[in-house]
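One structure is given below, encoded as structure tokens.
Computed from a prediction, not measured in an experiment: that's the story for all the values here. One-based numbering along the sequence shown.
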Amino acid sequence: MTPSPKLTVLISPPHVQWAVDADQIVVVDSSRARLYFLQGVEAALWGWLALSYSYPKLIDMLGSLLGVPPAEAEAALINIIHGWETARLLQREAVD
């Protein structure tokens with residue numbers, strides 16, 4: 001029997017805290033004493049991730065918000081998430 005593949009999810013590491021503040025999301029990286037202010041598209045995407053939207057749903061919502069076709073929305077999604085991973089605001093985790 002082959003093991004079933006694990007699902008990969010994006011999570012905020014323990015050193016990252018965040019809060020919704022008026023028209024932005026404030027993200028705090030306590031390990032490096034840095035603040036990030038997410039507005040517009042980034043704030044919307046962070047909120048959708050917090051709601052555990054699926055990858056296809058994120059592409060659909062982002063495409064609607066940006067007014068672009070799915071391929072462009074997916075490219076924007078990948079770019080934003082890559083930036084957050086590079087900044088250590090998100091990390092990938094395999095779950096059963």
Side-chain angles (χ1 to χ4, degrees):
M1 175 187 245
T2 59
S4 61
K6 294 192 179 240
L7 176 68
T8 300
V9 296
L10 292 167
I11 63 165
S12 296
H15 64 269
V16 172
Q17 305 294 321
W18 62 276
V20 176
D21 178 37
D23 62 346
Q24 64 187 357
I25 295 177
V26 180
V27 182
V28 180
D29 178 350
S30 61
S31 70
R32 297 189 293 173
R34 295 188 77 177
L35 289 174
Y36 298 85
F37 299 95
L38 308 181
Q39 298 176 324
V41 172
E42 286 190 334
L45 180 55
W46 190 275
W48 298 333
L49 287 170
L51 293 170
S52 300
Y53 282 9
S54 68
Y55 191 76
K57 177 86 170 172
L58 292 172
I59 292 169
D60 181 55
M61 297 288 288
L62 195 54
S64 294
L65 181 63
L66 296 173
V68 298
E72 288 182 44
E74 184 173 24
L77 175 64
I78 290 168
N79 187 49
I80 293 169
I81 289 175
H82 176 72
W84 289 341
E85 287 178 309
T86 301
R88 296 180 27 207
L89 301 180
L90 289 179
Q91 65 187 32
R92 294 175 191 263
E93 182 175 282
V95 294
D96 293 324

Atom pair CZ (Arg34) and NE2 (His15), whose distance is rounded to the nearest 0.5 Å: 11.0 Å
For the student: nearest non-hydrogen atoms of Leu38 and Ala43, plus distance: O-CB, 3.4 Å
I'd like to know whether Tyr55 forms a side chain to side chain contact (heavy atoms under 4.5 Å, CB included) with Leu77, so could you lay out the CA-CA distance, the side-chain angles of the two residues, the decisive distance to 0.1 Å, and finally the verdict. CA-CA 9 Å; Tyr55 191 76; Leu77 175 64; 3.5 Å; yes
Rounded to the nearest 0.5 Å, the CG atom of Leu66 sits from the CD atom of Glu72 at a distance of 9.0 Å
Answer with yes or no whether the hydrophobic clustering places Val9 together with Leu58; edges join I, L, V, M, F, W, Y residues whose side-chain heavy atoms lie under 4.5 Å apart. no
Residue of the set Ile25, Val27, Asp21, Val26 for which side-chain contact (heavy atoms from CB on, under 4.5 Å) holds with Phe37: Val26
Give a yes or no on whether His82 atom NE2 has more than 12 heavy-atom contacts from other residues, nucleotides or ligands under 6.0 Å away. no
Please determine whether side chain to side chain contact (heavy atoms under 4.5 Å, CB included) holds for the pair Trp84 and Leu49, giving the CA-CA distance in whole Å, both sets of side-chain angles, and the decisive distance to 0.1 Å. CA-CA 12 Å; Trp84 289 341; Leu49 287 170; 3.8 Å; yes
Would you kindly confirm whether Ile78 and Ile11 end up in one hydrophobic cluster when ILVMFWY residues are joined by side chain heavy atoms under 4.5 Å apart? no
Distance, nearest 0.5 Å, that separates OG of Ser52 from NZ of Lys57: 13.0 Å
Under a 4.5 Å cut-off applied to non-hydrogen side-chain atoms, are Arg92 and Leu10 in contact? yes
Side chains of Trp46 and Leu90: does their closest heavy-atom pair fall under 4.5 Å? yes
